[in-house]
Amino acid sequence: MAIIEDHTHKLYWTHASEQILVEPWGPNSLRVRVTKKAGFAADQDWALTQPVSGQDQAKVAVTDDTGAIQNGHLTASINQFGWLTFTDQTGKTLLEERWQVKPGGHKTSPLGIPGRELKPIIGGDYAATMRFEGVDGEKIFGMGQRQEKQLNFKGCILELAQRNTQANVPFVISSLGYGFLWNNPAIGQVTFANNETKWEAQDTDQIDFWITAGDSPAAIEESYTAVTGHVPMMPDFASGFWQCKLRYRSQAELLRVAHEYKDRGLPISVIVIDFFHWTQQGEWKFDPKQWPDPKAMVDELKSIGIKLMVSIWPTVDINSENYDEMDDKGYLVRSERMYNDSYHFMGNETFFDATHPGARNFIWQKAKQHYYDKGIHLFWLDEAEPEYGFMYDFDHFRYHIGPALKVSNIYPLDYAKAFYDGQKAEGQTDIINLVRCVWAGSQRFGTLLWSGDVHSTFESLQKQVVAGLNAGLSGISWWTTDIGGFTGGNVEDPKFHELLTRWFQFGTFCPVMRIHGFREPAEQTIEHADRMFGQPFGSGAFNEIYKYPKDTYQILRKYLFLREAMRPYIMIQMKQAHEKGTPVMRPLFYDFNHDTAAWDISDEYMFGPDILVAPVLHANEQQRPIYLPVGEKWIDINTQKVYDGGQIITVPTPVDTIPVFTRASHPVKEILNFTAPELAK
């Protein structure tokens, strides 16, 4: 017979070796943990790091064979068999475990498939599975950043792992009115099938998840970011244009580019030094042959109003001056079998262990000595998954806090934390670091996620739109993409000029606008680096907007000035992201959740509450249909024509035009007037 108890505003259930604890965790929210060990892992709050209040307001009711806990709008009930059900304030079921076993009251089945499992792994831990009933018509969003065509993940199977271009944040917003966080950094999988939703972790101590109820996506988002952390206030300079390419090879080359932008009167806020500016991977310092005076370079850029960002890789080459010391101190990711090297890119490398506090301090002290003390306060934290080659054999690696199968997803968060903590300790307040991967809660460390090494194709551009929208719904308000794509764009090809133009237009309406890419014709491909030990890496073709053909340049220039004009509006949205967790770019349903049609739109989005963006996502697309949400009149900023909401319209899309609409009631339309003199020059 199960035991059900009120543990002072917490609901406790136990039977045989299994224990369940359900407790309030923020308004309208509950945290659920399940273990078969002696007790719950007290040191594993994982993403749930922020202080919560009002925990003593939860109401617990227990009878002989049932129990329930109510926290605001959310109630969790458990029966004598240990089956969990979650309902909202109206009594509507939001989520319930899917048990296909006997006994079980009216829901019995001879299949023998439980709603949850902690299956022992020889040695002590468990493989965890959590099953919930599927609901017809449910729509599911979030899950970090994925390279998928779907905005709605209902019907999808998703890996719970970090990879280049895939940032795993296991949080979802459901159209049924709940948010759900799988609070577990283990490698696993989630299945959003029609008949069931199934969360799996390959190696864990316990099942751990958080659920909240809300009457709108905004309410759910605000509850989620309240318990996982808010993004800092974005520094004003970051809302401008960022210039980047693979790669500027010298101090002189970088300064020439910076001055050319300024001499042409082009707005630019940040310029970026990419990889292999260093002496060796794992030394985190400039090669003095090409970068003789970093401080003078920083000062010169500062004098013309440009910030400098440098690339950091977590790779440590076996020939690095720091390798032996880091190896001796246990600061490197370990392999379970044979050699310790886990990556081959211009050498034999392993990764610093971001989960080790000593390793985090070590890499920060090196960056401080060689970059920060010279005035460089912006860091590009690349390879943040980390990138274990092409196969990502997670069972082969082990971290300071446990095997990779058990904790690997938290690596990018700890990587960002290493730099954020170091910068904070130096008194820096305007922290923003570019990171290639994130986990739940990464936003609180000033992380700007970008979508990784995506290809220069229209198909890839289409995926970036939904990637950015789902990232925002996952708490990652600062998001960007390589404008033009990273690989495959030939600067001599008119087809690429069209793609670049369309991507640049989209980038104008992203939280951060940054151009980057390994442009063709290039000296070699990225794949060559596997064999190029000790050789110099190339740079690829140019990537500055003023070097493209005149017709293309004039369009890019137009949108560069449009971005500059929008910066006050963007900073207002950044304040909302900082204070409430509001995504800067978000699906139409975020602002129009009562419009059922808005939930099915994946190729348009809101940029803040007042601007509707409909990027052109196909080659040679001369017109496109656009849905305008109900309850508003909309102004086409290109024609000034006014439309009623609740309809699909078709507008022309010549190559110099991206369809953008503003609410007729808001003066932001004046900011976006393409006929303004400063935009027409």
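We're numbering straight along the sequence, starting at 1. Below, all heavy atoms of this structure are taken into account, side chains as well, without hydrogens, waters or symmetry copies.
- Using cut-offs of 30° and 60° on the angle between ring planes, the pair F394 and Y388 is perpendicular.
- When each of T93, T212, V32, T75 is checked for a side chain to side chain contact (heavy atoms under 4.5 Å, CB included) with F86, only V32 meets the rule.
- Looking at D393, its side chain never comes within 3.5 Å of a backbone N or O of D395 through a donor-acceptor pair.
- Taking NZ from K10 and CD from E5, the interatomic distance works out to 13.5 Å, rounded to the nearest 0.5 Å.
- Using a 3.5 Å distance cut-off with no hydrogens or angles, the side chains of D595 and Y627 do pair a donor with an acceptor.
- Using modelled atom types and a 3.5 Å distance limit, the side chains of S477 and Q573 yield no donor-acceptor pair.
- In this structure, the side chains of F589 and K139 stay at 4.5 Å or more apart for every pair of heavy atoms.
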Kindly determine whether K575 and M233 satisfy side chain to side chain contact (heavy atoms under 4.5 Å, CB included), including the steps that lead there.
-> CA-CA 6 Å; K575 189 170 187 290; M233 182 60 195; 4.1 Å; yes
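- With salt bridges taken as basic N to acidic carboxylate O contacts below 4.0 Å, none links E459 and K149.
- Using a distance-only test at 3.5 Å, with no hydrogens or angles considered, a donor-acceptor pair links the side chain of N79 to the main chain of W83.
- Under the 4.0 Å criterion applied to side-chain N and carboxylate O atoms, E221 and R586 are not assigned as salt-bridge partners.
- L118 places a side-chain heavy atom less than 4.5 Å from the side chain of I207.
- H73 and N28 make their closest contact through N-OD1, 2.8 Å (heavy atoms, listed as atom of the first residue, atom of the second, distance).
- Between the side chain of R334 and the main chain of Y399, a donor-acceptor pair closer than 3.5 Å is present.
- Remark: of the listed residues R436, Q162, Q166, R436 is the sole one forming a side chain to side chain donor-acceptor pair (under 3.5 Å) with E385.
- Relative to the ring axis of F153, R146 does not place its NZ or CZ within 45° and under 6.0 Å from the centre.
- Minimum heavy-atom separation, L469 to E604: CD1-O, 4.1 Å.
- The backbone N or O of D56 sits less than 3.5 Å from a side-chain atom of H9, completing a donor-acceptor pair.
- Note on ring orientation: taking the six-membered ring where Trp is involved, the planes of H356 and H400 are tilted (angle from 30° to 60°).
- Ring geometry for F419 against Y415 counts as perpendicular: the plane angle is over 60°, on a 0 to 90° scale with 30° as the lower cut.
- A distance of 16.0 Å separates CH2 of W46 from OG1 of T228, quoted to the nearest 0.5 Å.
- Looking at Q150 and C156, their side chains come closer than 4.5 Å, going by heavy atoms from C-beta outward.
- Contact annotation: the side chain of T481 never approaches that of K463 to less than 4.5 Å [non-hydrogen atoms, C-beta and beyond].
- At a cut-off of 3.5 Å, with distance as the only test, a side-chain donor of E97 or W99 sits close to an acceptor on the other residue.
- The structure places CZ of R163 at 11.0 Å from CG of N168, a figure rounded to the nearest 0.5 Å.
- Panel note: side chain S474, backbone M143; a donor-acceptor pair is recorded below 3.5 Å.
- Annotation: side chain of E200 is not in contact with side chain of M130 (no heavy-atom distance under 4.5 Å).
- Tested against W199 for a ring-ring contact (aromatic ring centres under 6.0 Å, His included), the candidates F180, F171, F209 yield a single pass: F180.
- W634 has its side chain within reach of P629: a pair of non-hydrogen atoms, C-beta onward, lies under 4.5 Å apart.
- The residues K406 and D125 are annotated as salt-bridged, a charged nitrogen and a carboxylate oxygen being separated by less than 4.0 angstrom.
- The aromatic rings of H7 and Y12 sit parallel to each other, their planes meeting at less than 30°, with 60° as the upper class boundary.
- Ring geometry for F607 versus Y605: interplanar angle over 60°, hence perpendicular rather than tilted (30 to 60°).
- Atom CG of N195 has more than 12 neighbouring heavy atoms from other residues, nucleotides or ligands inside a 6.0 Å radius.
- Between L449 and W478 the shortest side-chain heavy-atom distance does not fall below 4.5 Å.
- With hydrogens and angles ignored, the 3.5 Å screen pairs no side-chain donor or acceptor of Q100 with any backbone N or O of L111.
- Between the OG atom of S29 and the CH2 atom of W210 there is a distance of 4.0 Å, given to the nearest 0.5 Å.
- By the 4.5 Å heavy-atom criterion applied to side chains, I401 and I410 are counted as neighbours.
- Annotation for N184 and A186: closest pair OD1-N, 2.9 Å, computed over non-hydrogen atoms.
- How far CG of L181 is from OG of S223: 12.5 Å, rounded to the nearest 0.5 Å.
- Between the N71 side chain and the G26 main chain, a donor and an acceptor come within less than 3.5 Å of each other.
- Not one N or O on the side chain of E117 forms a donor-acceptor pair closer than 3.5 Å with the backbone of P114.
- No donor-acceptor contact under 3.5 angstrom links the side chains of D208 and Q44, judged on distance only.
- For the residue pair T447 and V435, the shortest heavy atom distance occurs at CG2-CG2, 3.8 Å.
- If you look at F397 and F351, their ring centroids are not closer than 6.0 Å.
- Formation of a donor-acceptor pair under 3.5 Å by the Q576 side chain with backbone atoms of I572 is not found in this model.
- Here the straight-line distance linking atom CE of M234 with atom CD1 of I432 works out to 4.0 Å at 0.5 Å rounding.
- Without hydrogens or angle criteria, Q19 side chain to A38 main chain gives a donor-acceptor distance under 3.5 Å.
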